[in-house]
Amino acid sequence: MIRLFDTARQEVRELTLRDEGHASIYVCGPTVYDVPHLGHGRFTLVWDVLRRWLHFRGLEVRFVSNITDVDDKIIQRAEREGVPESDVATRFEDVWWTAMTQLGVLRPSVAPRATQWISPMVELIEELLRREVAYALVDGIYFDVSRVPDYGLLALQPLDSLRAGARVDARRDKRSALDFALWKFAKPGEPRWPASFGEGRPGWHTECVVMSLGLLGEGFDLHCGGFDLTFPHHENERAQAEALHKPFARHWAHNGFVMSGGEKMSKSLGNFTSLSDLLDRTDARAYRLLVVRSHYRSPLEVSVETVADAERALGRLDALARRFSLPRLAGESLVDPVSEWSEELATFVTETTALLDDDLNTPAAVAKLFEGVSRANTLADQGDDGAREWALMVNTLFGALGLSLHGDADSLDEDVVELVSQRDAARARRDWVEADRLRKELEGRGWIVEDSSQGTRVRRG
RNA sequence: GGCGGCGUGGCCGAGUGGUUAGGCAGGGGCCUGCAAAGCCCCGUACUUGGGUUCGAAUCCCAACGCCGCCUCCA
């Protein structure tokens, strides 16, 4: 049984699926108007980990995440650069997928672009107009939130308190300050699509409701996104579905934010300016480790220091992989489920699994996995054959979270191979001066030298 | 202004009425020709002030600080 915190109910509860054995998940994706930032990296990793975990637990997961490729910010940037909007959207969508690939985030089952879903959006707005839940103003079509009885469910506070303190929306012609744009009429030069109610483009909230229902069907299981999307974005999606009496998401899950020491992220401070910047300077697996070491709903401190910390921790995991020559995994299980585990190992698996099943408690699970690392090493030091089972299990469970351990040897060019064999020869004849000289030589070329029972081993520093 | 969340050892970060989180960094030891990797030991933490309790980092109240949302930001 998988349990998750449901934002709508403000409690951890069992993830009850519409169709047994199948999980349908929608994650609000990026608006492609700029390079992705660290927060994008976190949310994609968090929901990727959830997706992988559900899969690992035997569920078939349909995972939809959109690309918003029509938006005011895209228009603004295109104007500034004097290029077509599609140019901006395509460019930053490419950057997005490159970053996702680097992060090892699985491609969504479907990644719809908003611009490919315009006609169903128009149809939805027409239906809302027909039911008089929507109304036209001079600049667009608006949704009348008063028509949804439980509007504000995800606001998590009384609506009048929202209105009282809401930042001023200069316009007074909306029926309620909370009413939102379903459609924006095109101004000269702006991208436009035809519609019975006037040429223009869809509002953000309409995209996601149409694409999620369109690709996952009514009453899909889980809708995810950053905490900032809870209100109004997710609430407004829900409102549109409610207005049409279409069952919407059964569960809502939201991830916490990335912090950076209260400091503004800037290159002059040495901090990461973007996700792409971080990935250029770091092993992407370190970011995944950093992310799973905190709870998905907690704020996460991301800085050069914490990423470096995660890189060193990753080094410990890779060392385990080297010691046991573990294969690289990405979610598949390498452990034979029918093999005889020791009682201790079986308990370890049960406990780790239980932690992940309980609101995706990755930090506690990772702590346990590190204990597993120590256990494997200790047993190996003692020459116990059980050590390998432990190492394999640790590898499998990290793999289930999308973190693959790298123990395979780096490829060596000929002169390195030569230096290594010379050093082995020197050590064999106990010529420590020569052996040390050769180690220095190798280190000078950027290799870390480790002696083992199989002789000198080198890896990239 | 309203609402919500958070404040844990040098750093990151779980936990949660009495029992070891974990990682990184630091110190000591073992192993090693010396290293690296690994193993063992160590700091004895919980914003502040009250309160409840046999007992609170964990519950309650208040203060301070930080973060988020309040119309398009993950």
Side-chain angles (χ1 to χ4, degrees), chain A residues 10 27-31 36-44 46-47 68 71-73 142 145 154-167 169 171 174 177-181 184 203-207 224-233 235-236 254-259 261-262 289-290 293-295 297-303 305-320 322-323 355 361-371 373-374 376-382 427 430-433 435-436 439 443 448-452 456-459:
Chain A
Q10 290 290 290
V27 178
C28 285
T31 300
H37 54 67
L38 299 175
H40 289 111
R42 186 188 190 188
F43 96 77
T44 49
V46 161
W47 304 122
T68 296
D71 170 85
D72 292 2
K73 285 187 175 146
Y142 286 80
V145 301
L154 291 171
L156 307 173
Q157 64 176 301
L159 285 185
D160 47 353
S161 74
L162 280 182
R163 293 186 59 180
R167 278 181 224 148
D169 189 355
R171 50 181 316 144
K174 286 198 296 185
L178 294 170
D179 289 353
F180 57 91
K184 298 179 182 185
W204 184 39
H205 311 308
T206 298
E207 291 174 20
C224 308
F227 263 126
D228 56 338
L229 298 187
T230 311
F231 189 89
H233 182 53
E235 181 61 13
N236 288 347
H254 294 93
N255 63 278
F257 271 60
V258 166
M259 310 302 212
L289 181 58
L290 184 63
R293 262 186 351 179
S294 76
H295 189 84
R297 288 192 279 119
S298 300
L300 170 64
E301 191 66 32
V302 180
S303 64
E305 290 75 27
T306 62
V307 170
D309 180 295
E311 277 191 297
R312 287 186 295 260
L314 182 63
R316 179 164 160 79
L317 300 178
D318 284 347
L320 181 84
R322 278 199 304 281
R323 183 172 193 176
L355 288 167
N361 194 345
T362 54
V366 167
K368 197 156 263 306
L369 289 174
F370 270 96
E371 288 173 10
V373 171
S374 297
N377 278 319
T378 300
L379 289 170
D381 284 352
Q382 295 167 352
R427 293 188 70 232
R430 305 179 69 80
D431 181 351
W432 309 128
V433 175
D436 289 351
R439 177 165 57 204
E443 284 170 351
I448 291 172
V449 178
E450 287 183 356
D451 293 337
S452 75
T456 294
R457 290 164 62 159
V458 294
R459 63 189 163 94

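Please read these numbers as outputs of a predicted model, since none were measured by experiment. Atoms considered below: every heavy atom in the structure, side chains included; atoms not considered: hydrogens, waters and symmetry mates. Letters go in sequence order (proteins before strands), and every chain restarts at 1.
In terms of the salt bridge (charged side-chain N to carboxylate O under 4.0 Å, His left out) criterion, residue partners of Asp309(A) (sequence neighbours excluded) are, by chain and number, Arg293(A). Partners of Ser298(A) under the side-chain contact (heavy atoms from CB on, under 4.5 Å) rule, at least two apart in sequence or in another chain, are His295(A). The side-chain hydrogen bond (donor to acceptor under 3.5 Å, both in side chains) search around Arg316(A) returns Ser374(A), not counting sequence neighbours. Applying the side-chain contact (heavy atoms from CB on, under 4.5 Å) rule to Thr362(A) yields the partners Val49(A), Val292(A), Leu356(A), Leu360(A); only residues at least two apart in sequence or on another chain are considered. For Ala367(A), the side-chain contact (heavy atoms from CB on, under 4.5 Å) criterion is met by no residue, not counting sequence neighbours. Taking His233(A) as the reference, Trp204(A), His205(A) meet the ring-ring contact (aromatic ring centres under 6.0 Å, His included) condition, with sequence neighbours excluded. Scored by the side-chain contact (heavy atoms from CB on, under 4.5 Å) test, Pro299(A) finds Met259(A) as partners (sequence neighbours excluded). Every residue two or more places apart in sequence or in another chain was checked for a salt bridge (charged side-chain N to carboxylate O under 4.0 Å, His left out) with Asp228(A), and none qualifies. Residues satisfying the salt bridge (charged side-chain N to carboxylate O under 4.0 Å, His left out) test with Glu207(A), not counting sequence neighbours, are none.
The gap from the C1' atom of G49(B) to that of C64(B) amounts to 10 Å, rounded to the nearest Å. Using P as the reference atom, C12(B) and C67(B) are 15 Å apart when rounded to the nearest Å. Between G18(B) and G4(B), the two P atoms lie 28 Å apart (nearest whole Å). Atom name P, nucleotides G65(B) and G10(B): the rounded distance is 23 Å, in whole Å. The separation of C42(B) from C54(B), taken at their P atoms, amounts to 34 Å, rounded to a whole angstrom. When the C1' atom is compared between G22(B) and G9(B), the two are found 14 Å apart, to the nearest whole Å. Spacing of P atoms, U47(B) relative to A56(B), comes out at 15 Å, to the nearest Å. Spacing between C72(B) and G13(B) at atom P, rounded to whole Å, works out to 29 Å.
Considering every non-hydrogen atom in both Ala435(A) and Arg427(A), the closest pair reads CB-CG, 3.7 Å.
Residue contacts for Ala181(A): at a heavy-atom cut-off of 4.0 Å it reaches a base atom on one of the strands shown. Lys73(A) comes within 4.0 angstrom of sugar-phosphate atoms only, judged by non-hydrogen atoms across all strands, and of no base. Within 4.0 Å of Gly225(A), counting heavy atoms only, lie sugar-phosphate atoms of the nucleic acid but no base atom. Counting non-hydrogen atoms under 4.0 angstrom, Phe227(A) reaches nothing in the nucleic acid. At a threshold of 4.0 angstrom between heavy atoms, the contacts of Gly256(A) include nucleobase atoms, whether or not backbone atoms are also involved.
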remark   = Given Watson-Crick and G-U pairs under 3.5 Å, RNA chain B in dot-bracket ([ ] crossing, | other strand) is (((((((..(((.....[...))).(((((.......)))))....(((((..]....))))))))))))....

ask   = Where along nucleotides 28-38 of chain B does protein come under 4.0 Å, by heavy atom, of base (B) or sugar-phosphate alone (S), with - for untouched nucleotides?
value = -----BBBBSS

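A salt bridge does not link Arg459(A) to Asp318(A): none of the charged nitrogens lies less than 4.0 Å from a carboxylate oxygen.
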List every contact pair, protein side and nucleotides 7-14 of chain B side both N or O, where the distance is under 3.5 Å.
| from | atom 1 | to | atom 2 | distance (Å) |
| --- | --- | --- | --- | --- |
| G13(B) | OP1 | Glu301(A) | N | 2.8 |
| G13(B) | O2' | Arg293(A) | O | 3.3 |
| A14(B) | OP1 | His295(A) | N | 2.7 |
| A14(B) | OP1 | Ser298(A) | OG | 3.1 |

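Atom P of nucleotide G65(B) and atom CE of Met259(A) are separated by 17 Å, given to the nearest angstrom.
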